[in-house]
Structure formats: C-alpha cells, structure tokens
Amino acid sequence: MTDRNRVIFFDTTLRDGEQSPGMSMNLREKIEMAKQLERMGVDVVEAGFAISSPGDFQSVKAIAETIRGCTVGSLARANPKDIDAAWDAVKDAADPRIHLFIATSELHMQYKLKMTPEEVYETAAEMTKRAKKYTSNVQFSAEDATRSDMDFLARVIRGVIAAGATTVNLPDTVGYTAPDEHYRFFKEIHERVPELHHVTASCHCHNDLGLAAANSLAAIRGGARQAECTVNGIGERAGNAAIEEVVMGLRVRKNYYQVEYGIDTTEIMRSSGLLSRITGVKVQPNKAVVGENAFAHEAGIHQHGMLENAETYEIMTPASVGLKESNLVLGKHSGKHAFEDRLKSLGYALNEEELGEAFNRFKELADRKKQVYDKDIEAIVAKEAVQVPKTFTLGSYVINSGNKIAATATIRLTRGEKEIEKAAHGDGPIDAAFQAIDKIVGRRLELDDFQINAVSGGEDALGDARVVIRGEEGRMYAGRGLSTDVIEASIRAYVNAVNKMYYEERER
Ligand code: MN
C-alpha cells in the first residue's frame with residue numbers, strides 16, 4: 001500500500017534524458033550525476049537501459065553499486081533477454097527495480113510491435129511475472145498509454161498488478177495529452193481499476209507541446225503518486241517533464257496539491273548546473289526555475305515592488321532552489337583550511353586527493369584573479385568531479401594573431417613520457433590552436449559546438465569554455481576548460497574533449 005500523501009520522484013535523466021541527441025555521458029559523468037540525484041533526494045534513479053549496449057549495462061551496474069540512498073532501476077522491453085540483463089545490472093543495488101514496458105496503443109501494437117492486443121496482454125503479464133521472480137520491486141509501463149483504448153488499458157493494468165507489478169506507469173509517450181484530460185485519465189483509470197490504489201500509479205510526460213510539467217501536476221491531482229522527470233527537462237525530442245518544475249509546483253502551491261515529497265529543493269540549482277557542465281548544454285535563460293533570468297527583475301516598477309516587499313513579484317525565493325548570491329569569499333592569501341571550509345558550506349565533500357588538486361587549481365586561479373567567488377569555486381570543483389584519465393596534458397602554447405596576419409598556433413602536449421609539439425595556421429587563434437591539437441592527436445576532428453562564458457562578473461572573470469567534438473561514428477564528446485585567459489580555456493576544453501574520446505574508446 002503506497003503512502004497516498006507522498007509523491008515518489010523517479011528521475012530518468014540518465015535514461016530518457018541521456019538517450020537524446022548531444023546528451024550522452026560517459027561512465028564517470030553518469031556516476032557523478034547519479035550521486036547528485038541521490039543528494040537531491042530523488043526516490044528512484046533510472047540508471048539506463050541495460051540491454052541497449054555494453055556501455056549502458058556497465059554504467060547501470062556501476063550506479064547500482066554506488067548509490068545506496070535510493071532505488072536504482074533499469075529499463076527493459078517485455079522480453080526475457082531484456083529483463084534478465086536488467087536484473088544482472090541492478091541486482092547489487094540497495095533497492096533494485098526492474099522497469100519493463102510494452103506499448104498498449106492500437107497504433108504501436110499494430111505497426112511497431114506487430115502483435116495482437118491479446119498477445120500484448122499475455123506478454124505483459126508473463127514478463128511481469130518473470131521480473132517478479134528476481135525482485136519484489138517491479139515497474140510496468142504501458143507505452144503510449146494516453147492514446148490507448150481505455151478498456152484494453154484497464155485490462156492490461158489488472159493483468160500486470162495480478163502478476164506482481166508494484167508500480168504502474170502510464171506514459172504520455174508522445175506529449176499528446178492536455179492537462180485537464182490527463183487529470184481525468186488518472187481519475188478514470190483508478191475508478192476502472194481499483195487495484196491501482198494498492199500499487200503506485202505513475203506519470204511520464206513529454207514536452208512536445210510544452211505541457212509536460214502541467215500534465216504531470218494534473219496527473220498527481222488525478223491520483224498519480226510517482227512522477228517521472230529529468231533534470232532541466234532533457235529527454236527525447238522536446239524532452240520530459242522537468243523535475244525542478246514539477247517539484248516547485250508542489251512546493252509553491254502546497255495548499256493546492258497537498259502532497260509530500262522527498263526532494264531537497266535547495267539542491268535543484270546544483271543538479272541543473274552539474275548536468276549543463278557535463279553535457280555542455282546550457283538551459284535557455286527564461287527556463288522556469290533554473291534559467292539564468294528565472295529570478296531576475298529588470299523592469300523598474302517590478303524592482304520598486306521587490307524592494308518594498310519581495311512577495312510582490314516573487315512566488316518562490318532564489319534560496320529555496322539553492323541559488324546563492326555570488327559572494328566575495330576568497331583570495332590568494334586564503335589557506336587550504338578556509339578553502340575546505342568554503343567547499344563544505346557549498347555542500348562538497350572531497351577526498352584528500354581531490355581536495356589537494358582542487359586547492360592547487362584554486363591557488364592558480366587566485367594568482368590571476370583577485371576575487372574568487374563561490375561560482376568560481378564550484379566551477380573548479382565540478383571540473384575535478386568529472387575528470388577522465390588524461391591521455392594528453394597541456395604543456396605550453398604560443399599564439400600569434402592579429403587583424404592583418406594569418407593566425408598561427410604552436411602547441412605542446414604531453415602524452416605519457418613524450419612531449420609532442422605541432423604548429424598550425426587557422427582562421428583565427430582558436431581555430432589555429434584546435435588544428436595544431438588535431439595534428440598532435442593525428443586525427444581530423446570535427447568541431448560541433450564551441451562556447452565561452454564568464455563564470456562570474458568582472459574584468460578578470462574566469463572563462464569557462466565548452467567544446468563538443470565529433471569523433472568516429474559521429475560520437476560526440478563534450479570538453480570543458482577553465483582559465484582567466486579565454487584562449488587557454490578553449491585549448492584546455494579541446495584537450496579535455498580529446499581525453500574523453502580516448503577514455504571512451506578504451507572503455508569500448
Ligand atoms: Mn519517455
């Protein structure tokens with residue numbers, strides 16, 4: 001019997017989110033993200049789709065072994081091989097879950113599955129039983145539920161509950177439903193299948209019409225007690241319901257929804273920032289809750305109101321989502337102890353070695369930048385968190401560039417014991433630098449994306465460069481580099497992306 005007053009947050013950033021274009025993460029990045037999800041208090045982490053590739057299997061397994069504070073699940077199609085692989089990958093979790101699915105809409109059954117409804121019904125029940133032999137925690141999803149025939153859907157749900165499913169997910173797979181309709185859908189399905197009250201009904205909404213969060217909240221009003229979401233709303237096509245939007249909906253309108261949840265909302269900004277840093281994909285500035293402008297008040301009349309009373313234009317405080325002012329905290333005379341203290345208050349717990357490396361980086365930065373802000377520190381630490389083994393490290397670089405000459409770059413990288421130096425011309429200093437690195441690596445890499453942002457304000461701001469390169473088979477690797485010099489930041493980001501490519505190719 002589930003707690004009727006509590007909504008379970010099921011995070012699928014690492015599965016539905018990760019499978020969308022430009023969002024792929026390597027093993028270390030996934031583990032880092034999973035740890036942050038655990039810290040934020042999600043109830044269930046969907047770690048991946050174990051059967052889909054050896055890499056996926058490995059990362060689901062690693063997350064299952066690492067994360068102890070929440071349920072860890074793997075997706076599986078409704079067939080024996082998928083279910084067995086899912087179990088193999090999650091079995092060492094503190095609380096393992098198998099999440100199997102099969103489509104129940106006429107369209108999907110006929111054209112995708114090429115199965116009759118009767119076959120789908122039988123398969124759903126039989127495969128739920130198979131999963132149940134492994135674990136008591138079995139989730140069944142009726143793919144394309146919102147476009148399924150209600151009589152048939154009800155029958156399938158009854159079948160899988162009888163077979164032992166403890167969570168029944170009814171996804172709006174294609175982002176088709178409307179909020180009032182989704183509310184009625186959950187009401188009606190509970191009326192038709194009273195057994196649903198004894199398990200957890202779940203919603204999984206896509207954002208094709210910009211309604212994923214609205215539909216999820218409507219589903220909760222209609223009786224759903226699990227919401228499937230992703231950080232920053234990433235996911236297939238237009239994405240999934242954003243966890244930050246759904247949970248802040250419940251928090252800000254607590255009296256309206258009247259449900260509890262386990263999410264620590266002050267971890268929202270950090271989760272959002274970590275995902276952006278890992279993938280190199282920023283959220284739009286006006287994105288609800290986590291966008292850069294979500295708490296900015298520009299208009300004079302609004303500012304006046306805010307000064308009189310923040311509630312005039314503010315329904316939630318920046319602090320409630322973990323947004324901190326960029327405080328002046330440390331400088332070049334700050335010692336390791338002060339640095340460690342500041343890290344602790346920002347919520348980072350590093351081991352001795354990580355702390356040492358982060359402190360060195362901090363000292364380097366403080367030498368070049370008078371004022372080191374919290375954001376700078378977080379940038380330094382995030383860099384520590386998701387490092388891969390360094391095939392190449394930057395030795396030195398010389399750039400010659402101007403408005404009347406062709407840019408040239410000479411770069412020296414170290415690989416093991418060897419130092420390799422190459423020079424190249426380019427269309428501007430950064431292009432020249434990237435071409436010189438390509439020569440050292442001995443491959444022509446395609447640059448897919450390149451951005452530089454200032455981490456904090458001021459003329460000596462830390463530059464945060466992100467590059468995305470395309471390697472063999474069109475695989476993308478995002479790299480990141482920090483420096484007060486934007487060219488150095490760019491070179492470091494490129495080398496970081498190359499190192500990730502080597503790391504992943506070795507892992508495969
Ligand atoms: Mn989905």
Side-chain angles (χ1 to χ4, degrees), residues 7-25 30 33 37 42-53 56 59-60 71-78 82 86 97-105 107-109 111-113 124 139-148 153 156 160 165 167-179 181-182 185-186 200-220 224 226-246 275 279 281:
V7 171
I8 291 165
F9 275 90
F10 174 109
D11 185 282
T12 185
T13 305
L14 297 170
R15 202 277 300 166
D16 210 327
E18 207 262 349
Q19 74 191 36
S20 60
M23 293 295 174
S24 67
M25 298 174 220
K30 285 183 188 172
M33 195 65 219
L37 293 170
V42 308
D43 301 279
V44 186
V45 169
E46 183 161 62
F49 188 178
I51 192 102
S52 68
S53 73
D56 251 57
S59 50
V60 175
T71 304
V72 175
S74 169
L75 188 66
R77 284 163 300 192
D82 276 44
R97 174 181 292 192
I98 296 174
H99 174 198
L100 73 147
F101 75 98
I102 193 165
T104 51
S105 69
L107 205 58
H108 279 233
M109 290 190 291
Y111 293 99
K112 188 181 77 173
L113 298 175
Q139 169 168 335
F140 173 82
S141 282
E143 190 186 9
D144 208 17
T146 50
R147 293 192 302 172
S148 301
L153 182 63
V156 171
V160 297
T167 301
V168 177
N169 183 39
L170 303 173
D172 185 33
T173 304
V174 292
Y176 180 74
T177 199
E181 184 182 49
H182 212 36
F185 171 77
F186 270 89
T200 303
S202 167
C203 61
H204 175 111
C205 300
H206 275 272
N207 207 32
D208 297 72
L209 293 170
L211 293 170
N215 286 334
S216 302
L217 289 165
I220 290 168
Q226 173 176 285
E228 300 199 358
C229 302
T230 61
V231 173
N232 294 343
I234 69 169
E236 289 277 10
R237 307 182 308 278
N240 288 66
I243 194 163
E244 62 274 11
E245 295 175 16
V246 177
L275 182 63
T279 58
V281 180

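In each ligand, atom 1 is the first atom listed, and ligand 1 is the first ligand listed. Note that the structure is a prediction, hence the values are computed from the model and not measured.
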Using 30° and 60° as the class boundaries, would you call the ring planes of Phe185 and His182 parallel, tilted or perpendicular?
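The rings of Phe185 and His182 lie parallel, inter-plane angle below 30°.
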
| query | Can any side-chain N or O of Asn207 pair as donor or acceptor with the backbone N or O of Ala212 at less than 3.5 Å? | reply |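 Answer holds: yes.
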
Protein N, O or S atoms less than 2.8 Å from the Mn ion (ligand 1), ignoring waters?
->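 Correct list: Asp16 OD2, His204 NE2, His206 NE2.
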
Notebook entry, point to check: With a 4.5 Å limit on heavy-atom distance, are the side chains of Asp43 and Thr71 in contact?
Noted result: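 Side chain of Asp43 against side chain of Thr71, heavy atoms only: no contact under 4.5 Å found.
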
- Please examine the side chains of Leu275 and Met25, heavy atoms only from C-beta on, and report whether any two atoms are closer than 4.5 Å.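 SC-SC contact between Met25 and Leu275 confirmed.
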
- Between Glu228 and Gln139, do the side chains contain an N or O donor and an N or O acceptor separated by less than 3.5 Å?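 Judged by distance alone, the side chains do pair up.
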
- If you measure only the distance, is there a donor-acceptor pair under 3.5 Å linking the side chains of Asp144 and Ser105?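 Note: Asp144 and Ser105 side chains meet the donor-acceptor criterion.
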
